[in-house]
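Each remark here refers to the structure printed beneath this line.
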Amino acid sequence: MTAAPGQAPLGERVERVEDDRLLTGRGRFLADVSVVGMLHAAFVRSPHAHARLCAIDPDAARRLPGVIAVLGAAELPHAPLLDTVAVAGLRKTPQPALATERVRFHGEPVAIVVAESRHLAEDGAELVAVDYEPLKPVLDAEASAAGDGPRLFEELDGNVLYRGTVQAGDPDGAFAAADRVVAARYVGNRYAAVPMETRGCLAAPSPDGEMTVWCSTQGPHLLRRRLAQTTGIREGHLRVIAPDVGGGFGLKIPAHAEEVAVVLAARALGRSVRWVEDRVENLLAAPHAKQQSIDSELALAADGEFLALRARIVGDAGAYSHNSASALIEPYLAAGLMPGVYKIRNYRCEIVAALTNKSPIAPYRGVGWTAGHTARELLIERAARELACDPASLRRRNMVAREEFPYESCTGMVYDSGSFCESLDRALELVGYGRLRARQPAARKAGRSVGIGISPYVEPTGWGSEGAGQSTWSFASHDAVRIEVEPSGEVTVAVGSPSQGQGHATSLAQIVARQLDAAMNAVHVRAGDTDATPVSTAGTRASRTAVVVGGALSMAAAELRSKLDSIAAYLLEAAPEDIVAAEGSFGVAGPAGRVVTLAEIAAAAYFDPALRASIDDPALTSSAFYDPPASYSNGCVAAVVEVDAELGEVELRRLIAVEDCGTMLNPMLVEGQLCGALAQGVGGALLEQMRYDARGLLETADMRTYKVPKATDLPPIEIGHECSPSPFTVGGVKGMGESGAIAAPAAVANAVADALSHLGVQIERLPIDPDQIATVKKGAH
Ligand code: MCN
């Protein structure tokens, strides 16, 4: 059932209030923003993976009419881009705004050309002559970690940025006592967020030294802070505005080198400068994600109990620690979540992050968790095969059961509540597991290789500081919010974490409308402008907005509601506790009598001096701060595939997702999130791969060679909901924005492994390409 837009429901399928504007071309994205006299920027980018940067000759470009400036690192000095993530032993190698002395990946920005038009800036960039002395590139993270190949940074004694171990219990003892040990290797692919809107920013200086920056970013306050640190412009003189953002998926969390360069160029020239990234630049030079190789082994008792897990993860950091810590983010987060939904008490994981001459690694939906989850689920699938037991039963036998919550994992994550077993059971029911399994032998005899893959997940969500800490990625992650009832009775909600498509204008308005008993269309969510919203320390990421921002809004709205009740009581000559409200009308409980509207209450609060004299604090504004305890959502993804083993073709027939994010704000948004994330996971399983050639040059810098899933690549998605409200968060809400991207690759990979199990095929790398399956099949004959 869809609720009418005038009502103020929570947990109902309210249609997205932002869609009318966005779907009719009235969105305002970065490329739609312009200011009078604005100049345009293009970047000169490295054609080499690794080279000494000997000289930049800007003369020919400067002579081109319309080119205003060609600036290199020497002309734009700045401090390194540092984040606040503190991990002992991590060596930070932040990427400079423009390369100095050396280029370390294909596409690295070397100089910025500013011109009167975009075309002239691009023509100018082509005329900049750069003298490079090529160096041997380092392309393999494991070789890099082993010390093979040249060093990327002279000041470091090798290419390893971090080496560490996570340990719990007695893994070696458990392995020694095990009845079975199963080992697997997973080589995770390097893929990327590829948002529909690429990166970009517009920096507009004012004569008094202030700077307004419009940027396609997920965290305006975070970007303002980083820009202040690196450019030296005082934070109070910087205003960052995120206009509509057409997808970020984690890519737009860091402050990017190009953004810093644009701000520095605008300051140096005293002119407004805009840069809009094109698709080739986005694929080539925007950070990539996910690439890890994981060797793992599982110790089992004869009855299938998981006794211990050991793993070694080598993360390919790319050429820089993009915002100083991001080189470590993939393997470090993977290690923390490797035990997943299972009761594993003995665990050791070795973590290595090593530099290579490729685009730096940065967050992308499910950062770290996707690869760790996929490696573990492939390992369990293999264990089931080796033990000749049913993969679903083996998983279920080892899952944390409902009565065991809150459950502390061996890596220190406190799972607040959950439905691990129930979600698995529901997914099996929806997919018709028993029936499909029973039909498999006959289908195989008839030459059809049908496989079922299951992938139960737990997702750390709603990161406040405790959630971030439990994921060992400690940084401030709380939010403040402000709600104001305007004199007209309209409600303005100001939050620091903007939407990139998640639908916050709807779900956050639902929370406030419900608390205030206001009409939905009277509540307006404002986000994305550092001058107009309270500070969000972390921005929109880590599936945190529903919990952190939503929780803060519930608290602020509750306070505001009690003020509204007091004013209504004053106007109606009643007691505040007798006030009841619905859809913006406040009256007295009991037989219908006089009512006052929210607009009348607001008008009285602002303009009635008698009221202001008799009510303590009639200001219709309220702020709240929330730093919630950790919360974890869970669920199970199941996939059914049919594989043509001869051609190596995989057809994804069905995709089922059962999710549990506690109390839902809006099931329609939750389902939309699931569908999008599942699609990205399917891309990771079957299509997406950044490929470098032997010289370290990217071969997949366009949409013909870098393939993302199309609507026609996806089956209809079947969704089921479970509900385990968090005992710790406001309203029992948990986040859920990443689960599909975490769990889908393993579901699809396991389905393919299942389909081809009679041929002895193991899936060890993604994406699954025809050669991988066909080659193994040939060998099996
Ligand atoms: N929601 C809900 N009930 C819940 C939990 C969530 O109704 N119990 C709704 C929320 O109101 C919100 C959406 O689901 O509209 C996602 O909420 P949440 O899980 O809190 O995640 P965030 O809003 O913080 O968004 C971040 C998350 C992440 S980490 C990535 S990456 C991602 C994602 O969201 N990037 C996206 N979804 C995206 N969707 C789009 N369209 N574009 C992106 O860049």
Side-chain angles (χ1 to χ4, degrees), residues 370 373-374 377-378 380-382 384-385 389-396 423-457 635-659 671 674-687 709-722 739-759 761-763 766-770 772-773 776-777:
T370 306
H373 176 95
T374 307
E377 290 302 319
L378 285 171
I380 294 174
E381 196 72 15
R382 185 178 290 207
R385 202 148 296 131
C389 65
D390 174 65
S393 310
L394 181 65
R395 287 184 168 91
R396 199 179 193 293
S423 293
L424 170 67
D425 292 346
R426 184 84 187 282
L428 297 180
E429 186 192 317
L430 286 173
V431 78
Y433 190 71
R435 204 179 58 244
L436 277 176
R437 279 268 176 258
R439 285 189 195 155
Q440 250 176 338
R444 271 183 194 151
K445 267 196 196 137
R448 291 178 56 224
S449 295
V450 175
I452 317 158
I454 39 186
S455 175
Y457 66 86
C636 183
V637 175
V640 180
V641 298
E642 182 160 350
V643 182
D644 183 322
E646 240 158 60
L647 296 176
E649 278 176 6
V650 176
E651 189 193 339
L652 181 56
R653 303 283 294 268
R654 292 179 66 196
L655 204 51
I656 287 100
V658 175
E659 72 75 42
E671 291 170 6
L674 266 177
C675 290
L678 287 164
Q680 289 175 313
V682 169
L686 295 176
L687 297 165
K710 302 183 290 296
T712 48
D713 294 320
L714 296 165
I717 293 170
E718 302 156 63
I719 293 176
H721 299 282
E722 293 285 319
S739 57
I742 296 168
V748 174
N750 279 337
V752 174
D754 183 51
L756 300 179
S757 58
H758 58 299
L759 301 172
V761 171
Q762 308 283 7
I763 302 298
L766 297 181
I768 297 167
D769 61 40
Q772 188 187 151
I773 311 172
V776 182
K777 181 181 169 274

Hey, mind stepping through E659 and E671 against side-chain contact (heavy atoms from CB on, under 4.5 Å) and telling me if it holds? CA-CA 9 Å; E659 72 75 42; E671 291 170 6; over 6 Å; no
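- Without hydrogens or angle criteria, R395 side chain to E377 main chain gives a donor-acceptor distance under 3.5 Å.
- Y433 and D390 share a side-chain donor-acceptor pair at under 3.5 Å.
- At a cut-off of 3.5 Å, with distance as the only test, no side-chain donor of S757 or R382 sits close to an acceptor on the other residue.
- Minimum interatomic distance between R653 and P715 (heavy atoms only, all atoms of both residues): O-CB, 3.2 Å.
- Inter-residue side-chain proximity for L674 and I717 is flagged as unmet; no heavy-atom pair is nearer than 4.5 Å.
- In this structure, CD on E651 lies 12.5 Å from OG on S449, to the nearest 0.5 angstrom.
- With S455 contributing its side chain and A743 its backbone, the two residues share a donor-acceptor pair below 3.5 Å.
- Looking only at distances, no side-chain donor or acceptor of N750 sits under 3.5 Å from a matching main-chain atom of A747.
- Rounded to the nearest 0.5 angstrom, I454 CD1 and L424 CG are separated by 5.5 Å.
- A distance of 9.0 Å separates CG in D425 from SG in C636, rounded to the nearest 0.5 Å.
- Taking CZ from R437 and CG from L428, the interatomic distance works out to 9.5 Å, rounded to the nearest 0.5 Å.
- Across all non-hydrogen atoms, the minimal contact from V431 to L436 is O-CD1, 3.4 Å.
- The side-chain heavy atoms of C675 and I719, taken from C-beta on, include a pair separated by under 4.5 Å.
- A 4.5 Å side-chain heavy-atom check between S423 and E722 finds at least one atom pair inside the cut-off.
- Looking only at side-chain heavy atoms (C-beta outward), T370 and P745 come within less than 4.5 Å of each other.
- Distance CZ/R396 to CG/L394: 12.5 Å, rounded to 0.5 Å.
- From H758, atom NE2 reaches atom CD of Q440 across 9.5 Å, with rounding to the nearest 0.5 Å.
- The closest side-chain heavy-atom distance from P770 to L647 is not below 4.5 Å.
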Can V682 and L652 be said to form a side-chain contact (heavy atoms from CB on, under 4.5 Å), step by step? CA-CA 9 Å; V682 169; L652 181 56; 3.7 Å; yes
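- The backbone N or O of G453 sits nowhere less than 3.5 Å from a side-chain atom of D754 that would complete a donor-acceptor pair.
- Checked by atom type and distance alone, the side chain of R448 never pairs as donor or acceptor with a backbone atom of E642 at under 3.5 Å.
- The shortest side-chain heavy-atom distance between Q772 and I763 falls under the 4.5 Å cut-off.
- Here the closest heavy-atom approach between residue P767 and residue L686 is recorded as CB-C, 3.5 Å.
- Between I768 and A749, the shortest heavy-atom contact is CD1-CA, 3.9 Å.
- In this structure the side chain of I656 reaches within 4.5 angstrom of the side chain of R654, judged on heavy atoms.
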